[in-house]
Amino acid sequence: MPKDHTKPPRLRTLGANTTLSGFGQENMEKVYSDTATTSNDQSKAEDSSVTKKRAASFWFDEDGLFNNDDEGRAERQQCAIAASNIIRNFSFMPENEIIMVQHRHCLETIFHCLENQNREDDELITNMLETLVNLAPVLDLRIFSSSKPSFIKMTEKGAIHAIMGMLSSSVKPWHCAAAELIGRLIINPDNEPFLLPIIPQIYKRLVDLLSVPAYDAQAAAVSALYNVAEVNMDCRLKLASERWAVDRLLKIVKTPHPVPEVCRKTSMILESLVSEPQNRMHLLVHENTFAEILTSEGKYSDTFARIVYELTARPSNKVTSGHAIWGNIN
């Protein structure tokens, strides 16, 4: 149910070219009686007795016919929110996960709600998004192209588009949940073909979230980047070349982030980036920062020692190794 309870005007086109369309403007000036007439004689006799008459405009007022006035729509909206809350609560139970991710109608409804984030109720969207986050580790997007009966037209591409819409949202709980959702979805190799084409857009937004002052947004972005960077070499190359990516990752460790696990994952992301020889030129710019963290942050010294070693001691890096922090090691 949409959160906006006002109905836009509906254009009537059915039978517009016929003499009597049932919805046309040709009868707007006439007055109709609720009493049916069977003959001219009977109509003449009852003309004086008809007491309830209305203009033809009543044809355009459907609310009364279906008892779907503002109060009725608000009630249905509350029912929809309550139902979404029940589905969300179901998703917290591990015993329900497999049943829910194999229920195509359930998933189609959830993604359909996310597609309409601008029209649906905020609480409804939040419930549906949290449901997906809970189900994501076992969710296979290929269900939308399976032989199971479909109730709402939804494709894998449409589902990814809905998730990206949530990731781009300015609402913090939504973009944080969407980042976590992407990180969990890509763990399943069957979902990779649907996510890889938009990896550049995903990285751009996740790197933006790294600069957000909110710690939970940073944590969600790091969690997603940690999983995405492990997919393949191409993902690591794209992340290293993303503007500000390495700088903002280093800032999270240096600040540091109040959650140690976030700093640990950030360090491991940087280590995975430096493992690709093509990324060294992007990372050598930050060589002094790596050395500073190595000497000041005892918790992550082992990780950053390996990073510095990769940058300076590899034979393939003879040109830059002479300027390494350890002095001339040629």
Pairs involving residues 188-232, ordered by first then second residue, that meet ring-ring contact (aromatic ring centres under 6.0 Å, His included) (sequence neighbours left out):
Tyr215-His257
Residue pair Cys176 / Ala220: nearest heavy atoms and the distance that separates them:
O-CB, 3.5 Å
Measure the shortest side-chain to side-chain distance between Arg205 and Asp208 over non-hydrogen atoms and say whether it is less than 4.5 angstrom.
yes
I'd like to check Ser241 versus Leu237 (side-chain heavy atoms, cut-off strictly below 4.5 Å). Are they in contact?
no
Any side-chain heavy atom of Ile98 within less than 4.5 Å of one from Gln102?
yes
Residue list, side-chain hydrogen bond (donor to acceptor under 3.5 Å, both in side chains) with Asn188, at least two apart or on another chain
none
Counting C-beta onward and ignoring hydrogens, is there a side-chain heavy-atom pair between Leu167 and Leu209 closer than 4.5 Å?
yes
Enumerate the residue pairs fulfilling side chain to side chain donor-acceptor pair (under 3.5 Å) with a member in residues 130-150, sequence neighbours excluded, ordered by first and then second residue.
Arg88-Glu130, Ser91-Asn134, Glu108-Ser150, Asp140-Arg142, Arg142-Asp190, Ser145-Glu156
Hey, are the side chains of Val262 and Gln218 touching, using non-hydrogen atoms and a 4.5 Å cut-off?
no
Please examine the side chains of Glu230 and Ser272, heavy atoms only from C-beta on, and report whether any two atoms are closer than 4.5 Å.
yes
Taking every heavy atom of Val308 against every heavy atom of Ala291, the minimum-distance pair comes out as CG2-N, 4.4 Å
Heavy atoms only: give me the nearest Ala217-His175 pair and the separation to one decimal.
CB-NE2, 4.5 Å
When Tyr300 is tested against each of Val253, Ile307, Leu294 for side-chain contact (heavy atoms from CB on, under 4.5 Å), which residue passes?
Val253
Thr126 and Trp174 side chains, donor-acceptor separation under 3.5 Å:
yes
Side-chain ion pair, Arg184 and Glu180, N-O less than 4.0 Å:
yes
What I want to find out is whether Lys238 reaches Asp234 closely enough, with some N-O distance under 4.0 Å, to be called a salt bridge.
yes
I'd like to know whether NE2 of His105 has more than 12 heavy-atom contacts from other residues, nucleotides or ligands below 6.0 angstrom.
yes
Can you check whether Gln278 reaches Met233 side chain to side chain, under 4.5 Å on heavy atoms?
yes
Gly165 to Gln117 - nearest heavy-atom pair and separation
O-NE2, 3.1 Å
Nearest heavy-atom approach of Leu124 to Cys113 is CD2-SG, 4.4 Å
Decide yes or no for His286 and Leu250: does some side-chain heavy atom of the first lie under 4.5 Å from some side-chain heavy atom of the second?
yes
